[in-house]
Amino acid sequence: MQLTRHTDYALRVLIHLAASPDGRATIAQIADAYGLSRNHLMKVVHGLAQGGFIATQRGRGGGFSLARAPEEISIGAVVRHSEPDMRMADCATCPISPSCGLTGILAQAAAAFLAVLDRHSLRDATRDRAGLAAIIAALPGPDALVSGDAPCAPRSD
């Protein structure tokens with residue numbers, strides 16, 4: 001199972017906010033920290049706001065923050081919200097799918113993957129806030145918080 005970049009960035013935004021000393025950020029800050037397109041990040045942030053994961057504030061002094069405590073944000077819920085399609089293979093268009101048992105096996109695997117993510121919250125992903133804060137402070141971007149590549153290699157959107 002591989003997550004899309006959209007989901008990877010959504011998780012980074014949430015980790016960024018949970019690790020931030022003031023709990024707030026702007027698209028510019030996160031885009032600079034990750035070296036991401038501001039337009040792409042705007043879509044990610046919009047989706048997180050629609051999903052109730054973050055609260056946004058427009059205007060001077062605006063930005064966004066977590067809408068709930070980190071322990072109340074399930075990693076599984078974020079992935080479900082951000083991933084448009086959790087299918088591991090396109091069995092619907094496969095000519096052997098009516099008799100193939102792989103469809104059910106892959107569905108079980110996806111359910112197990114999500115079950116593990118459901119057992120963890122954003123708090124679990126940010127247990128080492130001091131370590132994250134040190135990394136945040138050392139980033140090259142002008143108000144950067146989280147840098148580098150995710151631990152997985154996300155597929156393109």
Side-chain angles (χ1 to χ4, degrees), residues 1-20 23 25-56 63-129 131-132 135-136 139 141 144-157:
M1 174 68 55
Q2 193 172 39
L3 301 176
T4 61
R5 281 196 174 102
H6 185 90
T7 301
D8 173 26
Y9 297 165
L11 292 168
R12 289 189 202 199
V13 166
L14 295 173
I15 289 169
H16 178 109
L17 293 171
S20 173
T26 65
I27 287 175
Q29 288 170 330
I30 295 177
D32 290 346
Y34 286 119
L36 302 176
S37 156
R38 289 181 186 193
N39 287 337
H40 187 87
L41 196 56
M42 227 181 304
K43 293 175 190 174
V44 170
V45 167
H46 180 73
L48 287 170
Q50 284 185 319
F53 299 104
I54 63 172
T56 61
F64 43 91
S65 59
L66 294 177
R68 296 174 282 186
E71 59 273 10
E72 296 175 9
I73 298 175
S74 160
I75 300 295
V78 174
V79 169
R80 279 185 188 84
H81 179 77
S82 300
E83 285 294 319
D85 182 5
M86 291 298 297
R87 290 179 302 161
M88 297 173 93
D90 187 11
C91 295
T93 62
C94 180
I96 65 169
S97 66
S99 296
C100 179
L102 187 59
T103 303
I105 294 167
L106 293 178
Q108 287 178 23
F113 175 76
L114 289 168
V116 169
L117 296 180
D118 286 340
R119 290 195 302 261
H120 296 281
S121 70
L122 183 57
R123 171 71 68 216
D124 297 324
T126 58
R127 286 213 186 277
D128 184 8
R129 286 192 71 210
L132 285 169
I135 292 169
I136 288 164
L139 292 174
L145 279 179
V146 181
S147 76
D149 293 323
C152 60
R155 66 180 192 258
S156 297
D157 290 336

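Keep in mind that this is a model prediction, so the values were computed, not measured. We're numbering straight along the sequence, starting at 1.
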Participant: Report the distance from atom CG of D90 to atom OG1 of T103, rounding to the nearest 0.5 Å.
Facilitator: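 One gets 10.0 Å once the value is rounded to the nearest 0.5 Å.
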Participant: Please round to the nearest 0.5 Å and tell me the distance separating atom OG of S65 and atom CD1 of I54.
Facilitator: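 Those atoms lie 8.0 Å apart.
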Participant: If you round to the nearest 0.5 Å, how far is NZ of K43 from NE2 of H46?
Facilitator: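 The NZ atom of K43 is 11.0 Å from NE2 of H46, to the nearest 0.5 Å.
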Participant: According to the interplanar angle, ranging from 0 to 90°, do the rings of H16 and Y34 count as parallel (below 30°), tilted (30 to 60°) or perpendicular (above 60°)?
Facilitator: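 Rings of H16 and Y34: tilted, 30 to 60°.
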Participant: If the test is side-chain contact (heavy atoms from CB on, under 4.5 Å), which one of D118, D124, L122 qualifies with S74?
Facilitator: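 Among D118, D124, L122, the one that satisfies the side-chain contact (heavy atoms from CB on, under 4.5 Å) with S74 is D118.
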Participant: I need the single residue from R12, R5, H6 that forms a side chain to side chain donor-acceptor pair (under 3.5 Å) with D8. Which is it?
Facilitator: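 The passing option is R12.
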Participant: Report the C-alpha separation of L36 and V44 in whole Å, then their side-chain angles, then the decisive distance to 0.1 Å, and conclude whether the side chain to side chain contact (heavy atoms under 4.5 Å, CB included) test is met.
Facilitator: CA-CA 11 Å; L36 302 176; V44 170; over 6 Å; no
Participant: Distance-only, no hydrogens or angles: does the R129 side chain make a donor-acceptor pair with backbone N or O of A18 under 3.5 Å?
Facilitator: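 A pair under 3.5 Å: yes.
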Participant: Under the 3.5 angstrom rule, does the side chain of E83 hit a backbone N or O of T4 as a donor-acceptor pair?
Facilitator: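 Pair found, side chain donor or acceptor close to backbone of T4.
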Participant: Look up atom OG in S121 and atom CG in L14, then write down how far apart they are to the nearest 0.5 Å.
Facilitator: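 If I round to the nearest 0.5 Å, the distance is 11.5 Å.
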Participant: Applying ring pair (Phe, Tyr, Trp, His ring centres under 6.0 Å), name anything that partners F53, two or more places apart in sequence or on another chain.
Facilitator: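 F53 satisfies ring pair (Phe, Tyr, Trp, His ring centres under 6.0 Å) with H81 only.
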Participant: Rounded to the nearest 0.5 Å, how far does OG1 of T7 lie from CD1 of I75?
Facilitator: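 Reported value, rounded in 0.5 Å steps: 11.5 Å.
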Participant: How many angstroms lie between CD in Q29 and CG in L41, if you round to the nearest 0.5 Å?
Facilitator: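 Separation between the atoms: 11.0 Å.
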